[in-house]
Number of protein chains: 2
Amino acid sequence: MTTTSTSRRPATDEPGYDAFQAACPSRQLLDRISDKWSTLVLCALGGGDAGPAAGGGPADGVPRPMRYSELHRTLVGVSQKMLTQTLRTLERDGLVTRTVTPTVPVTVTYEVTELGLSLRTAVRAVKVWAEANVEAVTANRAAYDASVD
Amino acid sequence: MTTTSTSRRPATDEPGYDAFQAACPSRQLLDRISDKWSTLVLCALGGGDAGPAAGGGPADGVPRPMRYSELHRTLVGVSQKMLTQTLRTLERDGLVTRTVTPTVPVTVTYEVTELGLSLRTAVRAVKVWAEANVEAVTANRAAYDASVD
DNA sequence: CAGGATCCCGCTAGATACTG
DNA sequence: CAGTATCTAGCGGGATCCTG
């Protein structure tokens, strides 16, 4: 292992962001995006992922603009504070766009950006995994708890 | 609610877990696994992902057993409380295994299970995304903050 | 309709000290 | 070495009221 420059380190100046490091900005970013609401918002805006039986709906991965109220209805149980806060953060990070249409009652639509869409691919996999493996995990928990005497 | 079986529902008995629903177990599970420490632990145990310049290291996705202290060193900044707590939860959920070897000073090794490995694939993508796009996000934030007068 | 502003509770994460 | 136990500050996050 003397020659570490075999395949790693492309000799170029790699930024070298490492989430394992406490001070690395990617650590904070990971903490941000590793959030229940962020994940669900991104998934909702991504479209083609409305329910567990989805697949025959709209094309998967195609951004679908949604209104605030629509998101509020989709993410069952989310408070407006958390929804607004999440959306603000996502907007600030350039993951979603916020469009205000000055209609009679103001209309606000949110849409996932291209950057957000790339993250959505990743977090959607986590959401899908959770939905697919919740039964296995539940069973494991029961077995674990039973083995604890 | 007259006919909910419009176009969705493949006619088969789908379990129908939906993280968008507040009461759905998958929602809680999503909240669990959408955790900074869980993500990092899973990534660490997954192997082949030690640093930003990885890729030429050990085969990617091959579980690498790690000791407690090794994990503690890898996840810089984690408290033993959080590390222990995270490992316990992951073990309970059947995502990692805990092996105690009664040596002179006791030796405890953790290893990711097959189930955990499948999740690791998903969360690793999130971690990689964070490391890859942290600069873009930072730039977006600066632009957003600047536009707020 | 789409939030902003507050109040406040609970739980989590961190620091510290102790142990088999 | 690999935890457990305890304490506490901080803030995540819900409820509630108000507004353009």
Side-chain angles (χ1 to χ4, degrees), chain A residues 19-23 27-41 44-45 65-93 96-111 144 148-149, chain B residues 19-23 27-41 44-45 65-93 96-111 144 148-149:
Chain A
F20 283 130
Q21 299 304 317
R27 167 74 72 90
Q28 276 92 292
L29 181 56
L30 177 63
D31 202 19
R32 271 276 154 78
I33 61 184
S34 296
D35 174 53
K36 184 178 44 174
W37 299 127
S38 298
T39 299
L40 290 176
V41 165
L45 290 175
M66 292 178 74
R67 300 181 58 175
Y68 182 88
S69 53
E70 196 177 359
L71 280 168
H72 193 47
R73 257 175 285 117
T74 303
L75 278 66
V76 184
V78 68
S79 62
Q80 6 72 322
K81 179 187 175 180
M82 286 316 297
L83 182 55
T84 302
Q85 189 174 290
T86 303
L87 287 168
R88 279 287 178 282
T89 304
L90 291 176
E91 184 197 1
R92 195 169 98 104
D93 291 352
V96 304
T97 56
R98 179 174 178 270
T99 309
V100 181
T101 310
T103 48
V104 190
V106 68
T107 303
V108 180
T109 55
Y110 291 92
E111 190 168 4
Y144 181 89
V148 178
D149 44 272
Chain B
F20 283 131
Q21 298 304 317
R27 166 75 72 90
Q28 276 91 296
L29 182 57
L30 178 63
D31 202 19
R32 272 277 154 79
I33 61 184
S34 297
D35 174 55
K36 182 179 46 177
W37 300 126
S38 298
T39 299
L40 291 175
V41 165
L45 290 174
M66 292 179 75
R67 301 181 56 175
Y68 182 87
S69 53
E70 196 177 0
L71 280 168
H72 193 49
R73 257 176 285 116
T74 304
L75 278 66
V76 183
V78 68
S79 63
Q80 2 72 325
K81 179 188 175 179
M82 286 316 298
L83 181 55
T84 301
Q85 190 174 292
T86 302
L87 287 168
R88 281 286 179 283
T89 303
L90 291 176
E91 185 198 1
R92 193 169 99 103
D93 291 352
V96 305
T97 57
R98 180 174 178 268
T99 309
V100 181
T101 310
T103 49
V104 190
V106 68
T107 304
V108 181
T109 56
Y110 291 91
E111 190 168 2
Y144 181 89
V148 179
D149 43 275

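Lettering of chains follows the sequences in order, A, B, ..., and the numbering in each one begins at 1. The figures here come from the full heavy-atom set of this structure, side chains too, leaving out hydrogens, waters and symmetry mates.
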J.: Below 4.5 Å, heavy atoms only, C-beta onward: do Leu45(A) and Leu71(A) meet side chain to side chain?
T.: yes
J.: Could you tell me the separation between the NE2 atom of His72(B) and the P atom of dT4(D), rounded to a whole number of Å?
T.: 14 Å
J.: Just to verify, which of Thr109(B), Thr107(B), Thr84(B) counts as forming a side chain to side chain donor-acceptor pair (under 3.5 Å) with Tyr68(B)?
T.: Thr84(B)
J.: For the side chain of Ser38(B) and the backbone of Ile33(B), is there at least one donor-acceptor N/O pair under 3.5 Å apart?
T.: no
J.: Does atom CZ of Arg92(B) have more than 12 heavy-atom neighbours from other groups under 6.0 Å away?
T.: yes
J.: Separation of Asp35(B) atom CG from dA13(C) atom C1', in whole Å?
T.: 11 Å
J.: Is Thr97(B) reaching over with its side chain to a backbone N or O of Glu111(B), donor-acceptor style, under 3.5 angstrom?
T.: yes
J.: Whole angstroms only, please: what is the OH-C1' distance between Tyr68(A) and dG4(C)?
T.: 10 Å
J.: How many whole angstroms separate atom OH of Tyr110(A) from atom P of dA2(C)?
T.: 9 Å
J.: With no hydrogens and no angle check, is any side-chain donor or acceptor of Arg27(B) less than 3.5 Å from a backbone partner on Phe20(B)?
T.: yes
J.: Please report the distance, rounded to the nearest Å, between CG in Leu75(B) and C1' in dA2(D).
T.: 16 Å
J.: Between Arg67(B) and dA2(D), does any side-chain N or O lie under 4.0 Å from OP1 or OP2?
T.: yes
J.: Looking at every strand, decide which applies to Gln85(B) at a 4.0 Å heavy-atom threshold: base, sugar-phosphate, or nothing.
T.: sugar-phosphate
J.: Check the pair Val100(B), Arg98(B) against side-chain contact (heavy atoms from CB on, under 4.5 Å), reporting the backbone distance first and the verdict last.
T.: CA-CA 7 Å; Val100(B) 181; Arg98(B) 180 174 178 268; 3.7 Å; yes
J.: Calculate the interatomic distance between Arg73(A) atom CZ and dG3(C) atom C1'; express it in whole Å.
T.: 16 Å
J.: Tell me: CZ of Arg27(A) to P of dA13(C), nearest whole Å?
T.: 13 Å
J.: So what stems show up for DNA chain C if we need 3 or more Watson-Crick or G-U pairs in a row, all under 3.5 Å?
T.: C:1-19 with D:2-20
J.: Give the C-alpha distance, both sets of side-chain angles, the deciding distance and a yes or no for side-chain contact (heavy atoms from CB on, under 4.5 Å) between Val41(B) and Leu83(B).
T.: CA-CA 8 Å; Val41(B) 165; Leu83(B) 181 55; 4.1 Å; yes
J.: Please determine if a side-chain N or O atom of Arg98(A) lies less than 4.0 Å away from the OP1 or OP2 oxygen of dA2(C).
T.: no
J.: Nearest-Å distance, CD (Glu91(A)) to P (dA2(C))?
T.: 15 Å
J.: Return a single string for nucleotides 14-20 of chain C, one symbol per nucleotide in 5' to 3' order, where B is base contact, S is sugar-phosphate-only contact and - is none, cutoff 4.0 angstrom on heavy atoms.
T.: BBBB---
J.: Run the numbers on Leu75(B) and Thr86(B) for side-chain contact (heavy atoms from CB on, under 4.5 Å), then give the verdict.
T.: CA-CA 12 Å; Leu75(B) 278 66; Thr86(B) 302; over 6 Å; no
